[in-house]
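Below is one structure. I have some questions about it.
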Amino acid sequence: GRSDRYFKKKKEKMKRGHQDILHGGGGWYAVAPEMERGKRKTTMGAAEEGGDVDELLAALGYKVRSSEMADVAHKLEQLEMAMVSSAATNDDALLSHLASDTVHYNPSDLITWVDNILSELNAPPPPLPTPQSLPSADAYDLEPLPALPAPATPLVLGSDPQSEVAPSPRDRKRMKVCSSPPSSSTTTDAATSAAAALPVVVVDSQEAGIRLVHALLAGAEAVQQDNLKAADALVKQISLLATSQGGAMRKVAGYFAEALARRIYRPQPRGGVGCCSFDSVAFDDMLHMHFYESCPFLKFAHFTANQAILEAFAGCRRVHVVDFGMRQGMQWPALLQALALRPGGPPSFRLTGIGPPQPDNSDALQEVGWKLAQLAESIRVDFRYRGFVAASLADLEPYMLLDQDADGGGGGKDEEPEVVAVNSVFELHRLLARPGALEKVLGTVRAVRPRIVTVVEQEANHNGGTFQERFTEALHYYSTMFDSLEGGAAAAGADDGGPDQALSEMYLGRQICNVVACEGAERTERHETLAQWRGRMDRAGFEPVPIGSNAFKQASMLLALFAGGDGYRVEEKDGCLTLGWHTRPLIATSAWRVAAPAEDPLSALAAR
Amino acid sequence: MAGSNEINANESKTVVPLNTWVLISNFKLAYNMLRRPDGTFDRHLAEFLDRKVTANVAPVNGVVSFDVLIDRPTSLLARIYRPAPATASAAVALLPDLCRSPSPDPFPVIIFFHGGSFAHSSSNSAIYDSLCRRFVSLCGAVVVSVNYRRAPEHKYPCAYDDGWAALRWVSGEPWLRSGKDAKLRVFLAGDSSGGNIAHHVAVRAAKSGVEVSGNVLLNPMFGGNRRTESEKRLDRKYFVTIEDRDWYWKAYLPEGADRDHPACNPFGPNGAKLEGLPFTGSLVVVAGLDLVQDWQLAYAQGLKEAGHSVKLVYREQATIGFYLLPNTDHFYQVMDEINDFVGSNL
């Protein structure tokens, strides 16, 4: 199809190893297609290739090629006739079917949207996966794990068949992470960031709040200009102004001021691990857990990713999920339950959980697996688990993730191959701190031929431009984030959200500190926007799998149940879903699969 | 395929450019799927299908936008559009600059109510973001696009209350005043249901002694119990049907009310008298292929008879939504009319 041809061209470019202007028939891109994309403010997709998109409709969010306009019009007429004739026969069933049962995808791609609906009229859709039940942590007893005492003997590589450790630190150093590809992996795409929007939601237009923001931005400017004396004075002024502020703004200002101060004075990082970080992974997981409880962002992330995974696993008897950030495994009880309730019964389910090394050598990763195994047993899902400890995802190799029991064990040749889903919630952006790491990881992902790759990332550019630009963008982002925490508490009728809110603020505060005070390999909170991730995934050989209206609806309903849900908004953009506070998207879920392989370049040329 | 149910798609196709036809037909068919016969609305699907854009403090064609929470309990948001502040050329506009007057000279503040028949769209819908940006470039205005609560979840008078809240908020912002007399030069504008809201907020303003410099109503949504000639003649011909109009009124108006309710029919049997009120002057734009034009023309006539200034612009071959795409004379000439009207009432 169209998207196949698009990715073919990308592959050929990569093969030739340079990015000259490609010419030929319509649809070849000028140099750096990501710049084209940035300029047009649209994303890649079928409509862009092979002809000009109607600019006026594109400005309104619809991608239709001019050459296809008449075709789209004709299909709309056909659709209307079908709707009219069903109304004439008083058959409301069709209309209500179109609305409630049909799953809509990617409304911006108008011709495909209409095509999908027209085909719905001709063939009944396959049954949708069972909707997930709402996650409730207490039902599955996944409390934060207490720190375990150090085992008598240290964990030995390979001795425990279920908990494998990636090569030891010494070995990792010897391993070449990756040969260095073009620098586009860590530098941001200037054109995309120039064209990218900076959305601002002002929740408090009081004079004092504005002066506070002004002081913060001036502080960042001073740091940018290396005027540390002025920066220091401003940090003090900020702290003073912040005391007269209330609510979210005061707290945000506090974190940004502290981060600025750290940047100015550069205190020695604790234990050399990096600024603003704590030694304990358990502490980190604990903050993460409270963030999970106090606001819907992580729940949304898990829910929408699970939806895409469920759909990808439809009809499969053997499935394997690779979780790039296992932590407390909060995402998986709901998926297990949905699979258990699947018509036709659950598949056999394998889970690979990746987690960072624990300094106290505790095997938290294994503990989580055991708990999930207990749950799986109680709902009769055949379950296997393997945990991998890795300081970086770039340490993973495909062989670690592939099914080592295939062709062995039971089933033999007749057994269905394993269908793989790779899941990454807020993990990919860390890889941008080291050149080549992301490419290595995406290469590993491609090598395991996943049916679906689910990615959730912060919807912000905290990795581009100058320090001042980064600071400004982060200030607006976290102001909105903190306001959502306040809003949630207020809506729940509480004066404040209690320990959950405070710890969630700390969780976010550490991100702020990292974005503002750290640089180089230490700066791991390198958030980028959906548009930027699309470019990266595209270059790495993935194509988008649109997330549909059913996932959107269910996520929206989940939010409505969440106290403070009023301000939260789910939006669809080019097949991805975002969750935001008021009008500002804050996190984005996208789904991907490996793009179709390239054809012979000569026949591709002839086809044009 | 003869009979009253036949939709003559060919007719509407001959009067609008093809891309306009595709855009509005797409809305029409999508909207058909959202309205349920029992009066409920598939809000989730509506939000899924609506194309939205975020605000942007980076200048695009010299215009920046940002969202403001006007009223927290109702989550009432408005999107503010303004000329890019002088300090930010290509750079991102900083918050303090955003809330500074764009000019010491008099400039209009346009409170804009988007259309959607009280049920559809939002202030961050792409079609309305685009239109509001154009108003800024056109008139040097600050535009406040109100994200009012929609039917059927929120019936009359929620939309009007939200409009009033926006006017009050605008009145309280010092940076929106201009000229030597530091005066707020506020216009109320809207298309379709937004035009209806603009009228009713203007009435409240007149009754409350709040000065409004002018009303701009684009294809405003009015109606009544009887079927007018234009409704019967144009039913189903140009994207809109009597049936869908009835549905939207039922969704917005109070339970049990009919279309002679004053919200729908301000100059009907239950309408308030506007004689003697300091009601503002109006620019009313009517599309000649809009089936509710008889109501819109009656509205303009009603204002005149009540002694208020009305400029009526009648575009004979225009359909609904002509102002969404800059690809017809209707579009450009009506924009000129708006500019003239705002400029002369500043």
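By convention in this document, chain letters (A, B, ...) are assigned in the order of the sequence lines, proteins followed by strands, and residues within each chain are numbered from 1.
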Contact part of A:A70 toward chain B, heavy-atom cut-off under 4.5 Å: side chain, backbone, both or neither?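 A:A70 touches chain B through backbone and side-chain heavy atoms alike.
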Any residue meeting salt bridge (Lys or Arg N to Asp or Glu O under 4.0 Å) with B:R82, in chain and number order, not counting sequence neighbours: none
Aromatic plane relationship, A:W581 with A:Y568 - under 30° parallel, 30 to 60° tilted, over 60° perpendicular: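 Judged by the thresholds at 30° and 60°, the geometry between A:Y568 and A:W581 is perpendicular.
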With a 4.5 angstrom heavy-atom cut-off, could you sort out which part of A:L110 is near chain B: side chain, backbone, both or neither? side chain
Is it the backbone or the side chain of B:N124 that comes under 4.5 Å from a heavy atom of chain A, or both, or neither? side chain
Select one option (side chain, backbone, both, neither) describing which atoms of A:L217 are under 4.5 Å from chain B's heavy atoms.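 Contact with chain B: side chain only.
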Please look at A:L216 and chain B and tell me whether the side chain, the backbone, both or neither of the residue comes under 4.5 angstrom of a heavy atom of that chain.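 No part of it gets close to chain B.
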Could you tell me which of A:G61, A:P199, A:G580 has the largest number of non-hydrogen atom pairs under 4.5 Å with chain B? A:P199
Could you check whether A:N116 and A:Y105, counting side-chain N and O atoms only, form a donor-acceptor pair closer than 3.5 Å?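 A:N116 and A:Y105 do not have a side-chain donor-acceptor pair below 3.5 Å.
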Part of B:L77 lying under 4.5 Å from any heavy atom of chain A: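 Interface part for B:L77: side chain.
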In terms of heavy-atom pairs under 4.5 Å with chain A, the winner among B:T54, B:N327, B:N26, B:D50 is B:N26
Answer yes or no: are there more than 12 heavy-atom neighbours, outside B:N61 itself, under 6.0 Å from its atom CG? no
Could you have a look at B:L29, B:I80, B:L325 and say which one has the most heavy-atom pairs with chain A under 4.5 angstrom? B:L29
Using non-hydrogen atoms only, which part of B:R43 is less than 4.5 Å away from chain A: side chain, backbone, both, or neither? neither
Contacting region of A:V201 [heavy-atom separation from chain B under 4.5 Å]: both
Can you check whether B:V16 reaches B:T328 side chain to side chain, under 4.5 Å on heavy atoms? no
Please classify the contact of B:I127 with chain A as side chain, backbone, both or neither, using a heavy-atom distance under 4.5 Å. both
Please name all residues satisfying ring-ring contact (aromatic ring centres under 6.0 Å, His included) with A:H582, sequence neighbours left out, ordered by chain then number.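 Result, ring-ring contact (aromatic ring centres under 6.0 Å, His included) vs A:H582: none returned.
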Just say parallel, tilted or perpendicular for the rings of B:Y31 and B:F27, cut-offs at 30° and 60°. parallel
Do you know which of A:S66, A:G548, A:A73 has the most heavy-atom pairs under 4.5 Å to chain B?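 Option with the top pair count is A:A73.
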Please check if the number of heavy atoms outside A:Q78 that lie under 6.0 Å from its CD is greater than 12. yes
Pairwise side-chain contact, B:S25 with A:E77, heavy-atom cut-off 4.5 Å (strictly under): no
